[in-house]
Visitor: 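Below: one structure in C-alpha cells.
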Amino acid sequence: MDLASYDKALAFVHVVGKGKKERYIPLGKYAMEALDRYLLVRQAHTSAEETALFLGQNGNRVTTDQIRYVMKRLRKRGGLQKPLTPHSLRHSFATDLLERGADLRAVQELLGHESLSTTGRYTHVSTERLRAVYQATHPRK
C-alpha cells in the first residue's frame with residue numbers, strides 16, 4: 001500500500017491484492033489511531049519521496065518476507081504452537097466477523113472473493129453460532 005491508499009476522512013484504506021483485485025477496507029477507531037501514531041514516527045525515518053505506507057528497518061517499502069519473519073517471531077514469543085501467517089490472520093478475521101453476525105456477502109467483499117462459495121469454504125462458523133441464529137430467527141423452533 002502507498003500513503004495515498006489511506007483515506008483518513010472516509011476511514012478506509014485502498015488495497016490491491018492478489019490478482020490485482022482492488023477493494024476498500026474500512027478502518028475502525030483503534031486502527032486509525034494506531035495508523036496515525038505510526039505515520040508520525042514514519043515521517044521522521046524516511047524521505048519525503050518514499051510513497052510506501054509501511055516501511056522496513058531500512059526505510060524502504062516493507063516486503064512480504066519481512067512481514068512473515070516478524071509474524072514468526074511474534075508466534076514464538078507468544079508461545080503459539082500453530083503457524084502464524086498473513087493467511088491465518090485473514091482466516092481468523094473472516095471467521096470472527098461471521099461469528100459476530102456479519103453478512104457473508106460483506107465478508108466476501110472484504111476478502112476480495114469473486115465467488116460466495118469460496119468465502120463459505122474459506123471460513124467456518126461455529127455450531128454454537130449457527131444454533132443461536134436458528135433459535136433466534138426460526139419461526140417454528
Visitor: Is there side-chain contact between K8 and L35, with at least one heavy-atom pair below 4.5 Å?
Guide: no
Visitor: For E33, I'd like to know if atom CD has over 12 heavy atoms of other residues, nucleotides or ligands within 6.0 Å.
Guide: yes
Visitor: R90 side chain to L111 main-chain N or O, any donor-acceptor pair under 3.5 Å?
Guide: yes
Visitor: How about NZ on K21, more than 12 heavy atoms from neighbouring residues, nucleotides or ligands closer than 6.0 Å, or not?
Guide: yes
Visitor: Do L39 and L53 have side-chain heavy atoms sitting under 4.5 Å apart?
Guide: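 Side chain of L39 against side chain of L53, heavy atoms only: contact under 4.5 Å found.
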Visitor: Grab the two heavy atoms, one from Q108 and one from L116, that are nearest each other, plus how far apart they are.
Guide: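 So the minimum-distance heavy-atom pair works out to OE1-CD1, 3.2 Å.
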Visitor: Indicate yes or no for a side-chain donor-acceptor contact from D2 to the backbone of A4 under 3.5 Å, with no hydrogens or angles considered.
Guide: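 Checking the backbone N and O of A4 against the side chain of D2, no donor-acceptor pair under 3.5 Å is found.
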Visitor: Considering only heavy atoms from C-beta outward, does the side chain of E114 approach that of T118 to under 4.5 Å?
Guide: no
Visitor: Which heavy atom of T46 sits nearest a heavy atom of G59, and at what distance?
Guide: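 T46 and G59 have their closest heavy atoms at OG1-O, 3.3 Å.
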Visitor: Quick one: side-chain contact (heavy atoms from CB on, under 4.5 Å) partners of Y24, sequence neighbours excluded?
Guide: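 So Y24 forms a side-chain contact (heavy atoms from CB on, under 4.5 Å) with F12, H14.
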Visitor: Where do P83 and S88 come nearest, in terms of heavy atoms and distance?
Guide: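 Minimum heavy-atom contact is O-OG, 3.8 Å.
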Visitor: If you measure from CZ on R42 to CG on D36, what distance do you get to the nearest 0.5 Å?
Guide: 13.0 Å
Visitor: Run the side-chain contact (heavy atoms from CB on, under 4.5 Å) test on L3 and E50 for me, step by step, so that the C-alpha distance in whole Å, both residues' side-chain angles and the decisive distance to 0.1 Å come before the verdict.
Guide: CA-CA 9 Å; L3 280 168; E50 179 57 64; over 6 Å; no
Visitor: To the nearest 0.5 Å, how far apart are NE2 in H91 and OG1 in T85?
Guide: 10.5 Å
Visitor: Should V16 and L110 be counted in the same cluster of Ile, Leu, Val, Met, Phe, Trp and Tyr side chains packed under 4.5 Å apart?
Guide: no
Visitor: Which residues pass the side-chain contact (heavy atoms from CB on, under 4.5 Å) test with D65, not counting sequence neighbours?
Guide: T63, R68
Visitor: Could you tell me which non-hydrogen atom of A102 sits nearest to which non-hydrogen atom of V107, and how far apart they are?
Guide: CB-CG2, 3.9 Å
Visitor: Please tell me if the side chains of F54 and I67 come closer than 4.5 Å, counting only heavy atoms from C-beta onward.
Guide: no
Visitor: Locate the shortest heavy-atom distance separating M1 from V13; write the atom from each residue and the value.
Guide: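 What the structure gives for the nearest pair is SD-CG2, 3.2 Å.
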Visitor: If you measure from CZ on R75 to CG on L80, what distance do you get to the nearest 0.5 Å?
Guide: 7.5 Å
Visitor: Measure the CD-CG distance between E109 and D103 for me, rounded to the nearest 0.5 Å.
Guide: 11.0 Å
Visitor: Taking C-beta and beyond as the side chain, do H45 and L55 meet within less than 4.5 Å on heavy atoms?
Guide: no
Visitor: Any chance OH of Y38 has more than 12 other-residue heavy atoms, nucleotides or ligands included, within less than 6.0 Å?
Guide: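 More than 12 heavy atoms, drawn from other residues, nucleotides or ligands, come within 6.0 Å of this atom.
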Visitor: Please answer whether the main-chain N or O of V15 pairs with a side-chain N or O of R23 as donor and acceptor at a distance below 3.5 Å.
Guide: no
Visitor: So, for L104 and L98, which heavy atoms are closest and what is the spacing to 0.1 Å?
Guide: CD1-CD2, 3.8 Å
